[in-house]
There are 2 protein chains.
Amino acid sequence: MSYVRGDESPAGDAIDTIQAEWRRLRPDLDLAAIGVVGRVLRSAARIVHHSDEVLAAHGLTRGEFDILAVLRRSAGPRSPGELRTISLATAPSTTKRLKSLERRGLVDRSTNPADGRGALIALTAVGRDLVDEVFPLQLAAENSLLAGVKSEERVALERSLTLLLASIERS
Amino acid sequence: MSYVRGDESPAGDAIDTIQAEWRRLRPDLDLAAIGVVGRVLRSAARIVHHSDEVLAAHGLTRGEFDILAVLRRSAGPRSPGELRTISLATAPSTTKRLKSLERRGLVDRSTNPADGRGALIALTAVGRDLVDEVFPLQLAAENSLLAGVKSEERVALERSLTLLLASIERS
DNA sequence: TGGATATAGTTTACTAGTAAATTATTTTTG
DNA sequence: CAAAAATAATTTACTAGTAAACTATATCCA
């Protein structure tokens, strides 16, 4: 989808405009999904943009931070495969990220005693300190983006998003 | 943020788990944003993944499709700068995408008579046919992801997302 | 009006991420 | 228990996208 605004604004937000434009061009289609999907994708793009700035200021990509955060939340070391699965990444990108994190001393690699093919990745003290410094900054950036949503509305939003995510992950 | 699940599941979805893990590790932080932001980012990642498969099957990247869709919804040709702004892209990526679309005969370039620095990009008949073929497939993929959300809940979701997007875009 | 500044867009050099093939080890099974 | 199949992870070759520098034209204003 394109979810990206034209010029004429019949009312409402950019997504309403896009939906109206499509309705005029393609009255044969059921365009209801645009209202949800367009806003989710556009919100996500904005959030990621802001949050990547915070990460970049600390020399991290989102993918690298994801790995550090998974390790921070884990009881102990994780295999590259676990990190891959938990962070919804591909195997080669995980390999690359781990190489970069290892080179900078943020994680530590050892061979897995239980499986000669695999490795075990642990967070170093430096890596842990970095996560603990950056994560609150990320939260602050996110909170500021949500500041315009009133408390009761945020509860309703979260409830609705939970239903949405459940529907998506069932597919 | 990492919004990516660990193993222990105290209840609820992956995001609840992540939030609970952070709460245990960092009881000093206000973690409320995770409930919204985590689900938005995770939903977006899943939607994009599915929808990119549809596009790839027709030889398009999301960025290219965004440009074609903006042109399809526009009354006439657009400058690269307009396409760039409307599709929330960077200038070099827009240049690259236009080059690729032009090479494949999906868009047409002419010099802007009103401004010698700029160009005007128009959708060709082939480009238009491609959008009109692919867009319904995208909608169908999206509808199938939303199939688990009941109609009244979808209304509430869309309303909440509108408030969220407004808050984000005000920031 | 003509030099300074701004704008439109592209080019160049680079980075993050991916798909497909590959290596090494473990598990399965006939 | 050895050959076949599966799995863990990496390597190689490539693509999409980006930041910074650059070109060309247009606008501003003294």
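Chain A is the first sequence line, chain B the second, and so forth, proteins listed ahead of strands; every chain is numbered from 1.
Taking the nucleotide of DNA chain C with the nearest heavy atom to each of A:G116 and A:A89, the more 5' of the two is matched to A:A89. Ranked by how close their nearest DNA chain C nucleotide is to the 5' end, A:G63 and B:R109 are led by B:R109. Two residues, A:A119 and B:R97, neighbour DNA chain D, and the one matched to the more 5' nucleotide by heavy-atom proximity is A:A119.
In this structure, A:D52 atom CG and D:dG17 atom P are separated by 15 Å, rounded to whole Å. Here the P atom of nucleotide C:dT10 and the CZ atom of B:R103 are 14 Å apart, to the nearest Å. The nearest whole Å value for the distance from the CZ atom in B:F65 to the P atom in D:dG17 is 14 Å. Remark: P of C:dT18 and CZ of B:R62 are 14 Å apart, rounded to the nearest angstrom. A straight line from CD of B:E82 to C1' of C:dG9 spans 13 Å, rounded to a whole angstrom. The separation between B:L83 atom CG and C:dG9 atom P is 9 Å, rounded to whole Å. Nucleotide C:dT15 holds its C1' atom 15 Å from the CG atom of A:L60, rounded to whole Å. Atom CG of B:L98 is separated from atom C1' of D:dA16 by 14 Å (rounded to the nearest Å).
For the residue pair B:S51 and B:R62, a side-chain donor N or O sits within less than 3.5 Å of a side-chain acceptor on the partner. There is a side-chain donor-acceptor pair under 3.5 Å between B:R104 and B:S100.
Backbone-only engagement by A:D115 is indicated by non-hydrogen atom pairs under 4.0 Å involving sugar-phosphate atoms exclusively. Counting any heavy atom pair closer than 4.0 Å across all strands shown, B:P80 reaches sugar-phosphate atoms only and no base atom. At the heavy-atom level, A:T94 lies nowhere under 4.0 Å from the strands shown.
Here A:K99 does not reach the OP1 or OP2 of D:dA9: none of its side-chain N or O atoms lies under 4.0 Å away. Taking only side-chain nitrogens and oxygens, B:T90 never comes nearer than 4.0 Å to OP1 or OP2 of D:dG17. Between A:R84 and C:dG17, a side-chain N or O to OP1/OP2 separation shorter than 4.0 Å is absent.
For B:R117, the side-chain hydrogen bond (donor to acceptor under 3.5 Å, both in side chains) criterion is met by B:D115, not counting sequence neighbours. Contacts of B:T162 classified as side-chain hydrogen bond (donor to acceptor under 3.5 Å, both in side chains), with partners at least two apart in sequence or in another chain: A:R39.
A donor-acceptor contact shorter than 3.5 Å links the side chain of A:T85 to the backbone of A:G81.
If you check D:dA9, C:dT18, C:dG9 against the side chain of A:S93, the one that comes closest is C:dT18. In this structure, the nucleotide among D:dA9, C:dT10, D:dG17 sitting nearest to the side chain of B:K96 is D:dG17.
A:R117 contributes no side-chain N or O that forms a donor-acceptor pair with the base of C:dT26 under 3.5 Å.
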